[in-house]
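The figures here come from the full heavy-atom set of this structure, side chains too, leaving out hydrogens, waters and symmetry mates.
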Amino acid sequence: MPPPLRIRSARVIVTSPGRNFVTLKIETDQGVYGVGDGTLNGRETAVVAYLEGHVIPALIGRDARSIEDIWQYLYRGAYWRRGPVTMRAIAAVDMALWDIKAKALGVPLYDLLGGPSRDGVLVYGHANGADVEETADEVARYLEAGYKAVRAQTGVPGVAKPYGVSRDKDFYEPAEGELPVETIWSTPAYLRQAPKLFEALRLRFGDEPELLHDVHHRLTPNEAAQLGKSLEPYRLFWMEDPTPAENQEGFAHIRRHTTTPIAVGEVFNSLWDAKELIQSQSIDYLRATVLGCGGITHLRRIADFAAIWQVRTGCHGATDLSPITTACALHFDTWVPNFGIQEYMRHTAATDAVFPHAYSFADGRLHPGDAPGHGADIDEAEAAKHPYVPRQLPVARLTDGTMWNW
Ligand code: KDG
Ligand code: MG
């Protein structure tokens, strides 16, 4: 047995280069260290308290090589299982430990998972605009930049601040206010508008580019079935989060009525959120991430389970997941046999300066790089220049004032 890599210290670093990130840095007695992401958009300090109060004290002195045992200790040992705060805290530890193990062995992380299954990871970018024409111009910009797949979101007449439409076309960040900003939602107006967008995109760009769309939990199962049917002629890669997934059976209803592929899972925390959806073959893509689902250790278990029913991965990759999560996701994507696609909302230059990383974009794909570990790090001096700023995600109301799903 090689000698243990004892955990000597673990620290949480909070930084806000334009938006908040929570990072865990674990150092070992042999000088090798690893970093993990624990960011939870709008609830960052809850994960900080969980890590500092309940996780870090239990890590000191453990062998950093025991990734599985530490995962089980933190998951089973909490007694209060799952939930976004607990699972992000576990994810931060798990990412840092995989980073340490791969660095100690001098290999890129994907080598430890089973090696590469593909040359580069297909990603989709985010195009959005105030109206159909502006959105189409944005799609054109992505295609010119080499993207093979683009998510398209457009303004809806009569709806101020619809989901996914941003003033800054390059960097979308929905968490704005110290208290949640209130937005208005109209399902009838949206159901009229969405097919017009995709009809225009297919007319202008033809059949080849992959087009994706995020419904962001706004519809009932039957409304989602109507939307899926109306989008069938435009052959979407996926329709995402058509309805909230608390009631997993709702997806079976959507599935019975449309062949538009369905993606779900960016808010999932574990296999147990997805089990019925996968087993009933009600979905095509699972958007669970290393950050939301307790790290690589649990996500690869979910992916293996999903593979049995030919459900493919489509990891969440919004800007509220730090470049450390992006790096881990890319190692996972490089290995996972049932890979589908990876979301890629670019981070700002300020964020990239705080989190130097080995991954790079070329020809519609991201490449994890060959640096030992996951290849992302935190520049602590740079991080210290950006103190925490309290911000929350918006809320949504229907036009008559009723609270709705943002
Ligand atoms: O913090 C919330 C975002 O991660 C979410 O709104 C982004 O839906 C999203 C997506 O598909 O990227
Ligand atoms: Mg989404």
Side-chain angles (χ1 to χ4, degrees), residues 18-19 41-42 123-145 147 149-177 179-205 209-219 223-224 227-228 230-231 234 236-244 263 266-267 287 316-321 343-348 391-399 403-406:
R19 64 161 338 287
N41 204 2
V123 296
Y124 69 92
H126 281 211
N128 66 83
D131 54 29
V132 168
E133 205 183 322
E134 191 183 66
T135 307
D137 289 345
E138 285 299 307
V139 171
R141 228 161 50 89
Y142 276 89
L143 297 177
E144 279 156 23
Y147 285 78
V150 185
R151 183 186 100 157
Q153 309 289 137
T154 197
V156 177
V159 173
K161 281 184 158 291
Y163 168 75
V165 179
S166 130
R167 267 188 307 274
D168 184 329
K169 291 284 166 276
D170 287 327
F171 306 105
Y172 181 62
E173 175 43 63
E176 294 187 74
L179 284 175
V181 169
E182 302 227 348
T183 65
I184 301 295
W185 177 251
S186 163
T187 294
Y190 168 74
L191 288 177
R192 287 192 296 271
Q193 180 76 345
K196 290 182 192 156
L197 169 65
F198 288 96
E199 181 184 26
L201 295 182
R202 282 294 175 218
L203 276 172
R204 179 158 163 190
F205 302 108
E210 300 290 4
L211 298 175
L212 301 86
H213 182 64
D214 191 349
V215 185
H216 221 257
H217 325 270
R218 300 294 167 95
L219 303 178
E223 289 162 352
L227 176 70
S230 69
L231 295 177
Y234 315 119
L236 264 58
F237 187 93
W238 78 33
M239 159 175 89
E240 173 184 338
D241 286 339
T243 193
E266 68 184 38
V267 302
R287 293 196 22 80
H316 185 209
T319 41
D320 48 293
L321 291 70
E343 180 179 21
Y344 179 44
M345 273 172 96
R346 293 177 312 273
H347 288 106
T348 60
R391 283 202 190 102
Q392 295 199 51
L393 289 169
V395 295
R397 291 183 186 276
L398 300 181
T399 47
M403 275 299 295
W404 198 242
N405 316 312
W406 175 73

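- Taking a cutoff of 4.0 Å between a charged side-chain nitrogen and a carboxylate oxygen, Arg151 and Asp214 qualify as a salt bridge.
- Proximity of Leu393 to Pro174: side-chain heavy atoms (C-beta onward) are separated by under 4.5 Å at one or more points.
- Between Gln193 and Pro157, some side-chain heavy-atom pair lies under the 4.5 Å cut-off.
- Ring geometry for Tyr163 against His216 counts as parallel: the plane angle stays under 30°, on a 0 to 90° scale with 60° as the upper cut.
- Not counting sequence neighbours, Tyr344 has no partner by the ring pair (Phe, Tyr, Trp, His ring centres under 6.0 Å) test.
- Ring geometry for Tyr190 versus His213: interplanar angle under 30°, hence parallel rather than tilted (30 to 60°).
- Listed by chain and number, the residues in a ring pair (Phe, Tyr, Trp, His ring centres under 6.0 Å) with Tyr234 amount to none (sequence neighbours excluded).
- Under 4.0 Å is where a charged nitrogen must lie from a carboxylate oxygen, and between Glu138 and Lys169 no such pair does.
- You'll find the side chain of Glu240 reaches within 4.5 Å of the side chain of Glu266, heavy atoms only.
- Panel note: side chain Tyr142, backbone Ala149; no donor-acceptor pair is recorded below 3.5 Å.
- With salt bridges taken as basic N to acidic carboxylate O contacts below 4.0 Å, none links Glu223 and Arg218.
- Using a 4.5 Å heavy-atom threshold, the side chains of Lys161 and Ile184 count as separate.
- Using a distance-only test at 3.5 Å, with no hydrogens or angles considered, no donor-acceptor pair links the side chain of Thr135 to the main chain of Asn128.
- By the side chain to side chain contact (heavy atoms under 4.5 Å, CB included) test, Pro188 pairs with Ser186, Arg192, sequence neighbours left out.
- Listed by chain and residue number, Arg235 satisfy the salt bridge (Lys or Arg N to Asp or Glu O under 4.0 Å) test with Glu210 (two or more places apart in sequence, or in another chain).
- Counting only distance, with no hydrogens or angles, the side chain of Thr243 and the backbone of Leu219 share a donor-acceptor pair below 3.5 Å.
- Residues passing the ring pair (Phe, Tyr, Trp, His ring centres under 6.0 Å) test with His217: none are found, sequence neighbours excluded.
- With sequence neighbours left out, the salt bridge (Lys or Arg N to Asp or Glu O under 4.0 Å) criterion links Lys196 to no other residue.
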